[in-house]
Amino acid sequence: MKQGLFITLEGPEGSGKSTVIKLIEGYLKERNIEFISTREPGGIEISEQIREIILNKNNTAMDSRTEALLYAAARRQHLAERVIPALEENKIVICDRFVDSSLAYQGYARGIGMNQVMEINKFAIDKYMPNLTIYLDIDPKLGLERISKNKDREVNRLDLEKLDFHKRVREGYMILLKENPDRIKSIDASRDILEVFDDIKKLLKNILK
Ligand code: TYD
């Protein structure tokens, strides 16, 4: 059976993922391309419940491996309930964050090890890897400044991490970029949003043709 395309968006805090995703949605709508746009945990009841535990500001005692396992569990449920059915209907799936987030945040920044985090995620995601991952690159200092200006945004437990943590997240993504040059495409997200989106349109045109 013909499969749809699985496209994920990645990036550190304040990289502008949400704005970019809205623009991608508009781009696909204009072209009458069937797609779903989702994010982990994506409103999937079981995944939402797991996420509540992960991001709860009171859970300061959470062990890094517990955090990684919970993300993998939430990912599995969202994949099974939302992503796989859409791909099987040959739709494009746009997903805000996927396994690369776990590799960069838990594997690298928390120091569990990227290989180990990939191992537990292999069980969760099976053969499902993105066809294209758009990585929005931004200096974490600039990213965090952007977030602090956005008062509507809810502050979660990971936002409270120090700048150093977010610098490590970016380093983690840099390693992933090097290891997966065909799948992950990096976009300089410090620029004006229209310039950023121009580059993304090129990537989309390429993969959709
Ligand atoms: P979210 O509110 O979705 O933030 P953002 O708009 O930056 O995507 O919060 C998700 C947080 O969880 C974010 O800090 C990244 C982190 N995260 C991980 O650490 N590991 C993961 O596997 C995923 C999916 C997210």
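First listed ligand is number 1; within each ligand, the first listed atom is number 1.
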Could you tell me whether Arg51 approaches ligand 1 through its side chain, its backbone, both or neither, with non-hydrogen atoms closer than 4.0 Å?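 The side chain, only.
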Any ion pair linking Arg75 and Glu40 (charged N to carboxylate O, less than 4.0 Å)?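 So Glu40 pairs with Arg75 through a salt bridge.
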Check this for me: does any side-chain nitrogen of one of Lys122 and Glu119 sit under 4.0 Å from a carboxylate oxygen of the other?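 Salt bridge flag = yes for Glu119 with Lys122.
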Using a 4.5 Å cut-off between side-chain heavy atoms of Ile, Leu, Val, Met, Phe, Trp and Tyr, which other residues end up in the same hydrophobic cluster as Leu142?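 Result for Leu142 is Ile138.
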Looking at Tyr108, does the NZ or CZ of Arg110 lie under 6.0 angstrom from its six-membered ring centre and within 45 degrees of the ring axis?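 Pair Arg110/Tyr108 does not count as cation-pi.
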Which of these, Phe98, Phe165, Tyr71, has its nearest heavy atom closest to atom 21 (C) of ligand 1?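 Comparing heavy atoms across Phe98, Phe165, Tyr71, the nearest one to atom 21 (C) of ligand 1 lies in Tyr71.
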Nearest candidate to atom 7 (O) of ligand 1, where distance is taken over non-hydrogen atoms, out of Arg97, Arg39, Arg75: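 It is Arg97 whose heavy atom sits nearest to atom 7 (O) of ligand 1.
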Is there at least one pair of N or O atoms, one from [X] and one from ligand 1, spaced under 3.5 Å apart?
X	answer
Tyr105	no
Glu40	no
Asp96	no
Ser18	no

hydrophobic_cluster_shared for Ile120 and Phe98, side chain cutoff 4.5 Å: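 Result: no, two separate clusters.
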Who are the ring-ring contact (aromatic ring centres under 6.0 Å, His included) partners of Phe35, not counting sequence neighbours?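 ring-ring contact (aromatic ring centres under 6.0 Å, His included) list for Phe35, sorted by chain: empty.
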Between ligand 1 and Glu67, can you find any atom pair, the residue atom being a heavy atom, that is separated by under 4.0 Å?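 Glu67 does not count as a contact of ligand 1 under the 4.0 Å cut-off.
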Does His78 have a non-hydrogen atom less than 4.0 Å from ligand 1?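 No, His78 has no heavy atoms under 4.0 Å from ligand 1.
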Atoms of ligand 1 less than 4.0 Å from Ser101 heavy atoms?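 Within the 4.0 Å cut-off of Ser101, ligand 1 contributes 20 (N), 21 (C), 22 (O), 23 (C), 24 (C).
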Does the ring centre of Tyr105 sit less than 6.0 Å away from the ring centre of Tyr71?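 Judged by ring-centre distance (under 6.0 Å), Tyr71 and Tyr105 do not meet the cut-off.
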